[in-house]
Number of protein chains: 2
Amino acid sequence: MFIELDLQSDTPLYTQLADQLTEGIASGELKPGDPLPSIRRLAEDLGINLHTVNKAYNLLKQEGLLQVHRKTGVIVQPDGMPGVTEAFEAKLRRQLRSLAAAAAVRGMAEEVFAQESKSVYRDIITNRGGE
Amino acid sequence: MFIELDLQSDTPLYTQLADQLTEGIASGELKPGDPLPSIRRLAEDLGINLHTVNKAYNLLKQEGLLQVHRKTGVIVQPDGMPGVTEAFEAKLRRQLRSLAAAAAVRGMAEEVFAQESKSVYRDIITNRGGE
DNA sequence: TGTTTGTTATATTACATATATAACATATAT
DNA sequence: ATATATGTTATATATGTAATATAACAAACA
C-alpha cells in the first residue's frame, strides 16, 4: 500500500498516516487479518520517527481497526470492524457541521454538498487516487 | 446570537468561535451588514482573552465573511459572500475524505453518509440547535 | 478632550508534535 | 541457549500552537 506524507501540511503526520490506513481498510486494499509493516520498518520507509508511526498505530488500535500483538506485529482487525456507535455518530455530525456551514455560507446548495459527500465516499471505496 | 464554548473540547476556542459565527451567517441569523460585538466586549462576555476573539475575527476576515473597520467595528460582509473557489473545493474534499473513510470502514453506507451530510446542512440552514 | 475601536508588541504558561536515544520484555528463529 | 525482531516504556529536546496577561499605539467618534 502506497502512503504519502506531506510534511508541509498542517495535519499532523500521525493523523495523515492513520487517515490513509483507514482509507486502505475502507477500500478493501487492506483486508482483515492482513499484516502491516512493523513500527520500525514503516518509520524507516517513510523517513519518520518510530514514535510517530507508533502513535498512528495506537490511534487505530483504540478505534478497533487494528490489532497489535507483541512480536506477532500489527494486523488489520480480523474479528469484525467496529460499527457506527452513538459516539461516532456524534463526532461525525460535529465535524460535518463545520464543513456544511462553510459550504452553505459560500452558497453551495444542499444537494451539491450531499453530492460531494457521496462522490468522495465513492472515491474511497473504488480505491481511486482522489481527483 | 447565542455562543457557547466548550473549554474541554480539543477544538481550539478561536475555531469554535469562528465556526459558530459562520453558522450564524449561514443560517441567516447574522445578515450582511450586521454589526458584531467589539473584540473586547465579546471577550468579556465569553470570559476569554481579547486575542482569542481577535484571532477568530481575523480568520473570518481572511475568508471574506467579515469586514473589520477601525473604530466602526466588525460587521458581516455586506458586499457579497465569497463563492465556492477551487481552493475551497479542494479543502472541503480533503476534509470530507477523512470523514467518509472513517464512516465507510464502520460500515456506514454511501447513501446514509450522504443523508447525514444533507441532514446536518439542513439543520444549520433551518437554524436548529443541532440535535 | 476623552473614550472606544482595532492593532501591534512582549512575555509567559501549557500543551502537542516530532525527533533522538535507550532500555525492557517477549515471542520467534537459529 | 542465543540472537533477533517485536511492541512498549521512559527520558530528553526542539519547535510550534493555543491561550492568557499587560501594555501601548493610531484612528475615529461623541
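Residue numbers begin at 1 in each chain, while the letters A, B, ... track the order of the sequences.
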(message) Output one letter per nucleotide in nucleotides 11-16 of chain D: B when a protein non-hydrogen atom lies under 4.0 Å from the base, S when only the sugar-phosphate is that close, - when neither is.
(response) ------
(message) Heavy atoms only, 4.0 Å cut-off, all strands: where does Tyr57(B) land among base, sugar-phosphate and nothing?
(response) nothing
(request) Give the minimum heavy-atom separation between Leu96(B) and Phe113(B), together with the two atoms involved. (result) O-CZ, 4.4 Å
(message) Could you report the tightest heavy-atom contact between Tyr14(A) and Thr52(A), atom names first, then the distance?
(response) CB-O, 3.6 Å
(request) Determine the stems involving DNA chain C; a stem requires 3 or more consecutive pairs of the Watson-Crick or G-U wobble kind, each with both distances below 3.5 Å, and the answer is none if no such run exists. (result) C:1-30 with D:1-30
(message) What is the separation between atom CG on Leu42(B) and atom P on dT4(C), rounded to the nearest whole Å?
(response) 17 Å
(request) Assign each of Leu7(A) and Leu50(A) to its nearest nucleotide of DNA chain C by heavy atoms, then name whichever residue's nucleotide is nearer the 5' end. (result) Leu7(A)
(message) Before you tell me yes or no, could you show the steps for Leu13(A) and Leu7(A) under side-chain contact (heavy atoms from CB on, under 4.5 Å), namely the whole-Å CA-CA distance, both residues' side-chain angles and the distance that decides it to 0.1 Å?
(response) CA-CA 7 Å; Leu13(A) 292 179; Leu7(A) 299 181; 3.7 Å; yes
(message) Could you tell me if the side chain of Arg93(A) sits less than 4.5 Å from the side chain of Ser119(B), heavy atoms only?
(response) yes
(request) Measure from CD1 on Ile48(B) to P on dA18(D) and round the result to the nearest Å. (result) 14 Å
(request) Measure across Ser27(A) and Ile124(A) and return the closest heavy-atom pair with its distance rounded to 0.1 Å. (result) CB-O, 3.2 Å
(message) Quick check against the 3.5 Å criterion: does Gln16(A) have a side-chain atom that pairs as donor or acceptor with the backbone of Asp6(A)?
(response) yes
(request) Kindly point out which of dG6(C), dG7(D), dT19(C) is positioned nearest to the side chain of Val74(A)? (result) dG7(D)
(request) Identify the two heavy atoms, one from Lys118(A) and one from Glu110(B), that lie closest to each other, and give their separation to 0.1 Å. (result) CG-OE2, 3.0 Å
(message) Does a side-chain N or O of Lys55(A) approach OP1 or OP2 of dT8(D) to a distance below 4.0 Å, or not?
(response) no
(request) Let me have a per-nucleotide readout for nucleotides 24-30 of chain C, 5' to 3', with B, S or -, counting only protein heavy atoms under 4.0 Å. (result) -BSB---
(request) Measure the shortest side-chain to side-chain distance between Pro82(B) and Leu65(B) over non-hydrogen atoms and say whether it is less than 4.5 angstrom. (result) yes
(message) Could you tell me if the side chain of Ile25(B) sits less than 4.5 Å from the side chain of Met81(B), heavy atoms only?
(response) yes
(request) Let me know the distance between CG of Asn49(A) and P of dA22(C), rounded to the nearest Å. (result) 13 Å
(message) Please determine whether the number of non-hydrogen atoms from other residues, nucleotides or ligands lying under 6.0 Å from atom CD of Glu44(B) exceeds 12.
(response) no
(message) Nearest whole Å is fine: how far is dT13(C) P from Leu13(B) CG?
(response) 20 Å
(message) Given dA19(D), dG7(D), dT7(C), identify the nucleotide with an atom nearest to the side chain of Asn54(B).
(response) dT7(C)
(request) Could you state the atom-to-atom distance from CG of Asn58(A) to P of dT6(D) in whole Å? (result) 16 Å
(message) If you define the side chain from C-beta out and look only at heavy atoms, does anything of Ile3(A) sit under 4.5 Å from Leu46(A)?
(response) yes
(request) Taking all heavy atoms of Arg106(A) and all of Val84(B), pick out the closest pair and write down the distance. (result) O-CG2, 3.7 Å
(request) Could you tell me the separation between the CG atom of Leu66(B) and the C1' atom of dG6(C), rounded to a whole number of Å? (result) 13 Å
(message) Measure CD1/Ile75(B) against P/dG6(C) and give the value in whole Å, please.
(response) 12 Å
